[in-house]
Amino acid sequence: METSCDRISPLVVNPGKIMLTSSRLYFQPFNNLEPEPVTKMNLTEMKRILKRRFLLRQVGLEIFCSKDSLIADMYLVLPTAVERDKLYEHLIEQGDVCLMENDKENMLLKWQSGSVTNLDYLLYLNSEADRSFNDFTQYPVFPWVIADYTSPTLDLSDPKTFRDLSKPIGALNPKRLTRFKERFSDMPEPRFLYGSHYSTPGYILYYLVRVAPQYMLCLQSGRFDQPDRLFNSIQETWSNVLSLPSDVKEVIPEFYLPEYSDFLINKQSLDLGVRQDGSKVNHVTLPPWSSDPKDFCKKCREALESEYVSMHLHKWIDLIYGFKQCGKEAEKYDNLFYYLTYEGAVDIEKVKDPNERAAIEAQIMEFGQTPKQLFTKPHPTRFPATGSDEMNSDDGKLADGTEYEEEDEEYVDDDVIESEVVDQDGSKYSDEEESLETNNWSQLASLTLYQRHKLHRDMVTSLCLSGDNKLVYSVSQAGVFKVYSFEEQQQVRGINLSSMPLSSIILLPNEKMVLIASWDNSLYLYSMEFGRVISQLTLHDDAISDMFWQDNMLFTCSWDSTIKVWLYDPVADPKKLSLAPIMELDHDAGVSCIHVNSSNSQILSGTKDGNVYLWDVECQTVLRQTQSHVGQVTCVKFSKDGQRMVSCGEDCYMRVVDINTGTEILAKDLGQSISCLCWPEQQHLIAGGQGELLVWDMAKAQLVTKIKAHESMIASMCLGSNLHVVTGGEDRNVILWKKV
């Protein structure tokens, strides 16, 4: 492949020709500005290739030969987006090109969970928004985070130390903002609040003049700027961005990188002139709380990674990369800049007049470009470093001494079809030693099969464990309910409840009563003490597909497209199902799965047509509805703190969404359909796939391990105490898992 292109370096656009062979990429300039007549790059050296925007047009391509380098080895701009995409495709198709794995996937989720630093996340956002260290017209932009440059010590525990990240620089000073708004109201269309930008080539070189003087000389026609306008003092610069009518600049990444702190030192002894007060411009004057440039950048980095900034950084991201960046929201949040700084404001390709086109390009190049918009919904907040509180547990107990008329139980499938007990050393099942331990869900990856029992003659649709992990309660598609003792390795109960499949089971407190839902539209109350069904109610017009009970509230969902919420206190009347209806929530399709947050204030539901609903219980309204999957939603769950939700579907996708903002922070094609999952804590999730247990580290958005479990689909799962997990499968097996 051979075509014309431009090679981009700071403030330089060098035209030339590019040639791609089977082993190398060549660039030959049309002039002698390059140090070599031909630049060549071996394809085997290429590590990353990124598409870039240049002058608000998607025509750039950056090529990196180092895994961690911030600066590309070659930045090319093609005449059109089509030619750029063609070169990109030809490059990645070459056999010698072996790009490193993209470890940037799901960065939002990783940042939110704390496994990615604020610095790395901002560098990632800049890259995604087409900001490049090779292009001063769209250099990476970072926020001012510290507001105190006069105190002798820097107190990162004091909120007053920090800048208000919810406002753009231009809105931090109320008096100056009032003047901006007065001008805005009298301005003809297209109106703007700020005539200058927070990132321009001039501002970049303002900061970098001491390490890149040649670029300022290029920009300023062979001379430095006036001494009084040069970067001379951190405190003075901060004061200026708060007060001057045309200064709203943010900072550059170097402020937070101690290894690049040389930009604060006049190492080359440049003659930068004398200010009007008689002082010579030399090194940058630092705040009293820093001892030297490296210490300054180190403390800035500590501030950037502080808890206060972590909890407020999303507000600044909304302004720069998110929904407050442009349009009505930008005007509402005092964040509106000149229209030519925004992508899509003008189509340069349609401007035929060369003078007009040159003027537009000069405006775009010299006066700033707003980053590409990455988010159209509010950016999710970061989770506190301290972790969330444990969920409230329910200590309600059933009343004792209630008399029932005893009735013989109808047993079915008395004999267990097939059993396997692993690693017991000939001893009985015992959980006494482990009872003193607490769950350490980070050890989910070390689960090992402990007992396997083929209890049913059809798929195990739902199950739960007793509090001591000694009994498993399970129901099947054959309409059978069974209780099996892992300790005694024998069946305790077994009854055929319905001619239709049973879909869900709940073990009520004190473990004397069991709720069982069925496709026959009914809910059954089964007494463990008397071995029989003591109450049955028809609740829906079609099969009950799932249910959830918590704090005396029962939630049932059905293929009749409804969720019904009931008041149910098993202690008040243990003899029967005394359900008081509270509400009914309608859907557009059959409801396949349901989950409720820890406070019973929100409901998640998934439907047969792929929609996921988030409901407000108190208002009985839909907070959010999204077409999340193709085909049926197979399971939905809240995270333990109720801040995120996960859904899986027949389309093999797992999607994680931030509850507060509605932003999707993970979308992963798992290659297999997930029918059940548990999310016991923020960081760890375990899902049942096609015969495999999938253990996920949700902080890093990484699959930790796959554990071979069943011969086919895992249909149901329950987490017990002390890291016990029980699974039920399409293969009719019930498996108890324990940590190694």
[Y] backbone acceptor or donor facing [X] side chain under 3.5 Å:
X      : Y      : value
Ser592 : Gly606 : yes
Asp73  : Cys65  : yes
Asn597 : Gly642 : no
Lys708 : His710 : yes
His629 : Gly631 : no

- Is there a side-chain contact between Leu87 and Leu76, using heavy atoms and a 4.5 Å cut-off? yes
- Side chains of Tyr75 and Ser132: does their closest heavy-atom pair fall under 4.5 Å? yes
Least distance between heavy atoms, [X] atom then [Y] atom:
X      : Y      : value
Val116 : Trp111 : O-CD1, 3.7 Å
Leu125 : Leu374 : O-CD1, 3.6 Å
Arg382 : Met311 : O-CE, 3.0 Å
Met713 : Ser675 : SD-OG, 3.0 Å

Of all residues at least two apart in sequence or in a different chain, which pass the salt bridge (Lys or Arg N to Asp or Glu O under 4.0 Å) check with [X]?
X      : result
Asp130 : Arg52, Lys372
Glu305 : Arg301
Lys299 : Asp295

- Look at the aromatic rings of Tyr308 and Phe162 and report parallel, tilted or perpendicular, splitting at 30° and 60°. parallel
- Pairs flagged by ring pair (Phe, Tyr, Trp, His ring centres under 6.0 Å) wherever residues 645-676 is involved - sequence neighbours left out: none
- Item | Qualifying ring pair (Phe, Tyr, Trp, His ring centres under 6.0 Å) pairs, either residue in residues 596-615, two or more places apart | His587-Tyr613, His587-Trp615, Tyr613-Trp615
- Message: For a salt bridge (charged side-chain N to carboxylate O under 4.0 Å, His left out) check, start with the C-alpha distance between Lys160 and Asp155, then their side-chain angles and the critical distance, and finish with the verdict.
- Response: CA-CA 9 Å; Lys160 294 179 181 178; Asp155 184 2; over 6 Å; no
- Tell me whether the centres of the aromatic rings in Tyr256 and Phe142 are closer together than 6.0 Å. yes
- Tyr203 ring center within less than 6.0 Å of Tyr139 ring center: no
- Message: What I want to find out is whether Lys315 reaches Asp164 closely enough, with some N-O distance under 4.0 Å, to be called a salt bridge.
- Response: no
- Note on the structure: So the salt bridge (charged side-chain N to carboxylate O under 4.0 Å, His left out) pairs with at least one residue in residues 644-656 (sequence neighbours excluded) are Arg655-Glu664
- Task: Ignoring hydrogens and angles, state whether a donor on the side chain of Thr661 or His379 is under 3.5 Å from an acceptor on the partner side chain.
- Result: no
- Task: Please test Thr626 against Ser628 for side chain to side chain donor-acceptor pair (under 3.5 Å), starting from the C-alpha separation and ending with a verdict.
- Result: CA-CA 5 Å; Thr626 55; Ser628 300; 2.8 Å; yes
- Item | Candidates Ser69, Ser127, Pro253 - the one meeting side-chain contact (heavy atoms from CB on, under 4.5 Å) with Phe133 | Pro253
